[in-house]
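A short worksheet on the structure shown next.
The shown structure was predicted, so the numbers you read here are calculated from the model rather than taken from an experiment. Computed from heavy atoms alone, side chains included, the values below leave out hydrogens, waters and symmetry copies.
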Amino acid sequence: MISKLAMLAKKTIEAAWLHGESYDLATQAAEALESAQLLQSPETAAARETEPDRLTRTFAPTQALRNEGPTETAELVIYRATWDTMRLGRYTTEAEARKHCEDHARRDLPTASFDWIEDEEDGVSELVASVGEDERPTGYEVTALEIASKYDPGADE
């Protein structure tokens, strides 16, 4: 049976492979794990060897997966960038999803100033554009999507 931490790493890699650039998969997987902050330096890994309860599986000869401690369910959060009903992409960081939206919006609004309005309740950030004193919604959104590592029968209720 795969551990919760290994499942989180697996889902991070799968998300990168599904929506990342088309170059070698090993580099893409390493970048996805680094972006999700699931890697640690060899020095940190060596220091943790003195703490057996915090020791994690070795990922590569010089890297180890970070152990977040016991959790009920490990969840992966990805960020979906959209413009109205068009999906622009999915990212492991909110900053990259926002960058995609801003670059796309800049095509039509080259002189506008952009700002993000966040709704923490539903995990949606909306891009607004200002030209002079006028601020308006652009239709661009970044939505945080939690991906559970295991099925929860009561989650939909």
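- In terms of heavy-atom proximity, Arg87 sits nearest to Thr82 at CA-CG2, 4.1 Å.
- Pairs passing the ring-ring contact (aromatic ring centres under 6.0 Å, His included) check and including a residue from residues 117-136, sequence neighbours excluded, do not occur.
- Partners of Ala95 by side chain to side chain contact (heavy atoms under 4.5 Å, CB included), not counting sequence neighbours, listed by chain and number: Thr93.
- The heavy-atom pair separating Ala97 from Ala81 by the smallest distance is O-CB, 3.7 Å.
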Practice item. Decide yes or no on side-chain contact (heavy atoms from CB on, under 4.5 Å) for Ile147 and Ile78, but give the supporting numbers first. Key: CA-CA 8 Å; Ile147 301 173; Ile78 62 170; 3.7 Å; yes
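- Here OH of Tyr140 is found 6.5 Å from CG of Leu88. Values are rounded to the nearest 0.5 Å.
- Nearest heavy atom pair, residue Tyr79 against residue Val142, reads CB-CG1, 4.0 Å.
- Across His100, Lys99, Arg80, a single residue satisfies side chain to side chain donor-acceptor pair (under 3.5 Å) together with Tyr91, and that is His100.
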Please tabulate, for side-chain N and O atoms in residues 105-116, each donor-acceptor pair with protein atoms closer than 3.5 Å (sequence neighbours left out).
from, atom 1, to, atom 2, distance (Å)
Arg106, NH1, Ala112, O, 2.9
Arg107, NH1, His104, NE2, 3.3
Trp116, NE1, Glu102, OE2, 2.6

Only distances under 3.5 Å count here; give the side-chain donor-acceptor pairs of residues 120-134 to other protein atoms, sequence neighbours excluded, each with its distance to 0.1 Å.
from, atom 1, to, atom 2, distance (Å)
Asp122, OD1, Val124, N, 3.2
Ser125, OG, Glu94, OE2, 3.3
Ser125, OG, Arg98, NH2, 3.1
Asp134, OD1, Arg136, NE, 3.4
Asp134, OD2, Arg136, NE, 2.8
Asp134, OD2, Arg136, NH2, 3.2

